[in-house]
Amino acid sequence: EAQFHVLAVDDSLIDRKLIERLLRTSSYQVTTAESGIKALELLGLRDEQRTSSSSSSSTSSSLSANQQEIGVNLIITDYCMPEMTGYDLLKRIKASSSLKDIPVVIMSSENVPSRIDRCLEGGAEEFFLKPVKLSDMHRLRSHLLKGKSQLRENELLENQDDQNQKEEIGEISSSNSLNCNDSKRKSREIEEGLSSPERKRQRFPNNSLVVES
């Protein structure tokens, strides 16, 4: 089984290092980001407010290419972050057609039921209370397996759709070819009929008179 890759997002350096250590202890591959905007860049979803300059755009493209090559299996993010909260990041991910099936887990040091409910209703798999523990990391595996299974299912559906489209195109092409051949055959039969000796031979009417000398 390939090593799972987790993207950890937290604006606190201490919390980010703790999450990274716990994930690595649990044998996960880890990439960290200090903000929701940075996470979007890593995921290939550029934030319009942060990509006005060409230099940031080229950096984002480079990071996106590397990220797509590695692949992200799960995202765990803090809720309270400046500029973009964990809930806002969750909404952006779930609104993306290519990333919506990646499981997202939210963390927070504040136990606010309304906040927890909103994140779970928005598509989050779980809501962890800080400080995050090693036992929490073990709970991620079921979400990772679920996300991986969903991605495989989507790939199979996409491949099936591509195959169906190819078959439809092949049937249309074959039908057009048959119609073309049939049209040519009919044209050839008409031409042969017009040029046949029987067609060219002059015919006299049956009641024509024969004059004898």
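Source: prediction; values computed, not measured.
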Next item on the list: Under the salt bridge (charged side-chain N to carboxylate O under 4.0 Å, His left out) rule, collect the residues that match up with R16, sequence neighbours excluded.
Entry: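 Here no residue qualifies.
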Next item on the list: List in chain and number order the residues that pass salt bridge (charged side-chain N to carboxylate O under 4.0 Å, His left out) with R139, two or more places apart in sequence or in another chain; answer none if no residue qualifies.
Entry: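 Applying salt bridge (charged side-chain N to carboxylate O under 4.0 Å, His left out) to R139 gives E126, D136.
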Could you measure the distance from the [atom1] atom of [X] to the [atom2] atom of [Y]? Nearest 0.5 Å is fine.
X    : Y    : atom1 : atom2 : answer
H138 : T25  : NE2   : OG1   : 9.0 Å
R24  : Q29  : CZ    : CD    : 7.5 Å
D10  : K17  : CG    : NZ    : 12.5 Å
L144 : N73  : CG    : CG    : 6.0 Å
N111 : K130 : CG    : NZ    : 14.0 Å

Can you find a heavy atom in the side chain of [X] that is under 4.5 Å from one in the side chain of [Y]?
X    : Y    : value
L18  : V132 : no
R115 : Y79  : yes
K133 : F128 : no
L140 : L74  : yes
L43  : L7   : yes
H5   : T31  : yes
M107 : F127 : no
M137 : V6   : no

Margin query: Are there over 12 heavy-atom neighbours, none belonging to R21, within less than 6.0 Å of that residue's CZ?
Written below: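 No - once you tally the heavy atoms of other residues, nucleotides and ligands closer than 6.0 Å, there are 12 at most.
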Note to self: Are there over 12 heavy-atom neighbours, none belonging to I14, within less than 6.0 Å of that residue's CD1?
What the structure shows: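 Atom CD1 in I14 is not packed in, count stays at 12 or less.
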Next item on the list: Output, in order, the C-alpha distance, side-chain angles, deciding distance and verdict of side-chain contact (heavy atoms from CB on, under 4.5 Å) for L99 and L45.
Entry: CA-CA 9 Å; L99 303 175; L45 295 177; 3.4 Å; yes
List the atom of [X], the atom of [Y], and the distance in Å for their closest heavy-atom pair.
X    : Y    : result
L120 : A124 : CD2-O, 3.6 Å
T32  : V30  : CG2-CG1, 4.0 Å
P103 : H143 : CG-O, 3.3 Å
A33  : A39  : CB-N, 4.0 Å

Flag, side chain of [X] to backbone of [Y], donor-acceptor distance under 3.5 Å:
X    : Y    : value
E83  : I37  : no
S26  : L22  : yes
S108 : E110 : yes

Notebook entry, point to check: Does K38 come within less than 4.0 Å of D11, counting only side-chain N to carboxylate O?
Noted result: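 A salt bridge is absent here (no side-chain N lies under 4.0 Å from a carboxylate O).
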Notebook entry, point to check: Among L42, D78, L89, V104, whose side-chain contact (heavy atoms from CB on, under 4.5 Å) with V9 holds?
Noted result: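 Among L42, D78, L89, V104, the one that satisfies the side-chain contact (heavy atoms from CB on, under 4.5 Å) with V9 is L89.
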Margin query: Tell me whether the NZ or CZ atom of R118 lies within the 45° cone about the ring axis of Y87 and under 6.0 Å from its centre.
Written below: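 Verdict for Y87: a cation-pi partner in R118.
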Checklist line | Criterion side-chain hydrogen bond (donor to acceptor under 3.5 Å, both in side chains) on S114 and D117, from CA distance to verdict | finding: CA-CA 5 Å; S114 59; D117 291 340; over 6 Å; no
Checklist line | Joint cluster assignment, L90 & L129, ILVMFWY side-chain distance < 4.5 Å | finding: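 In one cluster: yes.
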